[in-house]
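Heavy-atom basis, side chains included; hydrogens, waters and symmetry copies ignored.
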Amino acid sequence: MELDDITISRAITESFLKDFMDAMEVDVAIVGAGPAGMTAAYYLAKNGIKTVIFERQLKIGGGMPGGGMMFNRIVVQEEGKKLLDEFGVETKEYKTGYFIADSLEATSTLCSKAIKAGARIFNLISVEDVMIREEDRITGLVLNWSATSIAGLHVDPLTIRSKIVIDATGHSSEVCHIVVNKIGARLNTKTGGIAGEKPMWADVAESLIMDNTNEVYPGLLVAGMAANAVHGAPRMGPIFGGMLLSGKKAAEIALDALSGK
Ligand code: 48F
């Protein structure tokens, strides 16, 4: 068979645009394809929820593939290991209660599980704003190609509608910052603002993250490191159980909200 370059170009363009158009009205839009965002996407999609992730970078995984200081391994505790077992990621016990996994296997498996469950991941797209409608509810996201801001181009964005948004942007908790900075909103945190993350303390950080995974503003949930950053809890470094469990919890909160519970 003789290959036609234009057919290849048409296949890519048509297929991408079909999926992108479909992503313009979703149940849950997740910002950030790190471990928390991809775990949330997996559990949502598995439950039949129309889910999309927008990721700024070319690569997926956020801080996971880099492991600890570029040593591409992650550590999880017993609870996190259970999720890695469910995903089919191999772990080895290092010492009692400390399990080690290959960060590339964990990242690629999570991504594959989320996509195969039905979630769509769009990389190279940055969320630069939110859409707010009646009753001050977050109702969607404003997107632009990451390349436009990298190149400093003045290009207007496009918008998608979503019943629920999850801020899974990690340390920067960017969606929450947009909401606070642009509309001076009070978040569902102790201070009403973004408390900011505290210095590294894995034990405390991992124990607080589940409580910190919540709805911080109508229609806006926080998951992963963004949850600790917004609520003023410590960072935890290369232990990833909390990221996975927080992503799962965010999915459960969204599922309850979508079913009217
Ligand atoms: O940072 P990230 O991995 O967040 P996470 O899922 O996990 C945190 C850990 O990696 C680690 C840690 C705990 O062990 O402390 O840092 O909470 O992934 C966040 C993703 O969000 C993307 C960013 O590129 C990264 O891949 N992101 C951030 N802001 C935006 C964004 C944005 N405005 N639009 C699109 N993507």
Any donor-acceptor pair under 3.5 Å linking the side chain of E78 with the backbone of K82?
->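 Such a contact is absent between E78 side chain and K82 backbone.
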More than 12 foreign heavy atoms under 6.0 Å from OH of Y98: is that the case here?
->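 Not buried by this count: 12 neighbours or fewer within 6.0 Å.
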How far does CD of E105 sit from CG of L110, to the nearest 0.5 angstrom?
->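 Taking CD in E105 and CG in L110, the distance rounds to 10.5 Å.
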Roughly how far, to the nearest 0.5 Å, is the NE2 atom of H154 from the OG1 atom of T148?
->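 NE2 of H154 is found 10.0 Å from OG1 of T148.
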Does K113 reach the main-chain N or O of K116 with its side chain, forming a donor-acceptor pair under 3.5 Å?
->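 No, because the side chain of K113 does not come within donor-acceptor range (under 3.5 Å) of the backbone of K116.
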Does NZ or CZ of K81 come closer than 6.0 Å to the centre of the six-membered ring of F99, within 45° of the ring's axis?
->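 Relative to the ring axis of F99, which defines the angle, K81 lies inside both limits.
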Sidechain-backbone polar pair: N47 side chain, I49 backbone, donor-acceptor under 3.5 Å |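 Between the backbone of I49 and the side chain of N47 there is no qualifying donor-acceptor contact (under 3.5 Å).
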In Å and rounded to the nearest 0.5 Å, what is the CD1 to OG1 distance from I121 to T51?
->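 Reported to 0.5 Å precision, the distance equals 10.5 Å.
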Can you see which heavy atom on I166 is nearest to which on A250, and at what distance?
->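 In terms of heavy atoms, the two residues are closest at CD1-CB, 4.2 Å.
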Answer yes or no: is there a donor N or O on one side and an acceptor on the other, between the side chain of K50 and the main chain of D22, under 3.5 Å?
->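 Present.
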Does M236 belong to the same Ile/Leu/Val/Met/Phe/Trp/Tyr cluster as M200, with side-chain heavy atoms less than 4.5 Å apart forming each link?
->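 In one cluster: no.
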A36 to A223 - nearest heavy-atom pair and separation |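 Nearest heavy atoms, A36 then A223: CB-C, 4.1 Å.
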Taking atom CD1 of I60 and atom CD1 of I53, what is their separation to the nearest 0.5 Å?
->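 Taking CD1 in I60 and CD1 in I53, the distance rounds to 9.0 Å.
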Donor-acceptor pair between D211 and H231 side chains, under 3.5 angstrom =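 Note: D211 and H231 side chains miss the donor-acceptor criterion.
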Would you call K46-E86 a salt bridge at under 4.0 Å N-O?
->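 Yes, this pair counts.
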Test applied, side chain to side chain contact (heavy atoms under 4.5 Å, CB included); reference residue, V31; option that passes from I125, L141, L143, V130 |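 Among the candidates, only L141 passes.
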Among L83, L244, L84, which one satisfies side chain to side chain contact (heavy atoms under 4.5 Å, CB included) with V89?
->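 Result: among L83, L244, L84, L84 is the only option passing the side chain to side chain contact (heavy atoms under 4.5 Å, CB included) with V89.
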Full working for side chain to side chain contact (heavy atoms under 4.5 Å, CB included) between V28 and L258 | CA-CA 9 Å; V28 180; L258 290 167; 3.8 Å; yes
What orientation do F54 and F122 show, parallel under 30°, tilted 30 to 60°, or perpendicular over 60°?
->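 Answer is parallel, since the angle falls under 30°.
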Among I30, V26, T39, which one satisfies side chain to side chain contact (heavy atoms under 4.5 Å, CB included) with L44?
->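 Single pass found, and it is I30.
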Would you say the side-chain atoms of D167 pair up with the backbone N or O of V175, donor to acceptor, closer than 3.5 Å?
->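 Side chain of D167 to backbone of V175: a pair is present.
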Would you name the heavy atoms of R56 and S146 that are closest together and state the gap between them?
->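 Looking at all heavy atoms of both residues, the shortest contact is O-OG, 2.7 Å.
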Residue K59 excluded, over 12 heavy atoms near NZ under 6.0 Å |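 Counting other residues, nucleotides and ligands, NZ of K59 exceeds 12 neighbours.
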State whether the side chain of S246 and the backbone N or O of M243 hold a donor-acceptor pair below 3.5 Å, judged by distance alone.
->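 It does not hold such a pair.
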Any side-chain heavy-atom pair of V222 and L187 under 4.5 Å |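 In short, these two side chains do not touch, never coming nearer than 4.5 Å.
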Checking side chain to side chain contact (heavy atoms under 4.5 Å, CB included) against R10, which of I8, I6, T7 comes through?
->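 Checked I8, I6, T7 against R10; only one passes side chain to side chain contact (heavy atoms under 4.5 Å, CB included): I6.
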Between OH on residue Y94 and CZ on residue R73, distance to nearest 0.5 Å =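 One finds 12.5 Å between OH of Y94 and CZ of R73.
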State the CG-CD distance between N228 and E197, to the nearest 0.5 angstrom.
->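 So the gap between those two atoms works out to 8.5 Å.
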Minimal non-hydrogen separation, A45 against A114, with atom names =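 Heavy atoms of A45 and A114 come nearest at CB-O, 4.4 Å.
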Treat each ILVMFWY residue as a node, draw an edge where side-chain heavy atoms are under 4.5 Å apart, and state whether M225 and V165 are in one component.
->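 The answer is no; the residues belong to distinct hydrophobic clusters.
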Search all heavy atoms of M210 against all heavy atoms of K249 and return the closest pair with its distance.
->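 Shortest heavy-atom contact: O-NZ, 2.7 Å.
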Carefully, step by step, assess I178 and D129 under the rule side chain to side chain contact (heavy atoms under 4.5 Å, CB included).
-> CA-CA 6 Å; I178 291 167; D129 202 354; 3.5 Å; yes
Can you name the closest pair of heavy atoms from Y217 and D136 and give their distance?
->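 Where Y217 meets D136 most closely, the heavy atoms are CE2-O, 2.9 Å.
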Is there side-chain contact between L220 and C176, with heavy atoms separated by less than 4.5 Å?
->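 In short, these two side chains touch, coming nearer than 4.5 Å.
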Look only at the side chain of N72 and the backbone of P65, and say whether a donor-acceptor pair between them is shorter than 3.5 Å.
->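 Looks like no, no N/O pair under 3.5 Å.
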Do the side chains of L104 and Y42 join up, straight or via other hydrophobic residues, at under 4.5 Å, putting them in one cluster?
->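 Cluster IDs for L104 and Y42 differ.
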For E128, does its backbone N or O pair with a side-chain atom of S126 as donor and acceptor, under 3.5 Å?
->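 Not confirmed, S126 side chain does not pair with E128 backbone.
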Output, in order, the C-alpha distance, side-chain angles, deciding distance and verdict of side chain to side chain contact (heavy atoms under 4.5 Å, CB included) for I164 and E215.
-> CA-CA 10 Å; I164 291 174; E215 186 177 43; over 6 Å; no
Got a donor-acceptor contact below 3.5 angstrom from the Q77 side chain to the E79 backbone?
->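 Between the backbone of E79 and the side chain of Q77 there is no qualifying donor-acceptor contact (under 3.5 Å).
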Are any side-chain N or O atoms of N144 and backbone N or O atoms of V155, one a donor and one an acceptor, separated by less than 3.5 Å?
->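 Judged by distance alone, yes, a pair lies under 3.5 Å.
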With hydrophobic residues grouped by side-chain heavy-atom distances under 4.5 Å, do V230 and L208 end up in a single group?
->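 The answer is no; the residues belong to distinct hydrophobic clusters.
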In terms of hydrophobic clusters joined by side-chain contacts under 4.5 Å, are I100 and F240 together?
->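 Both belong to a single hydrophobic cluster.
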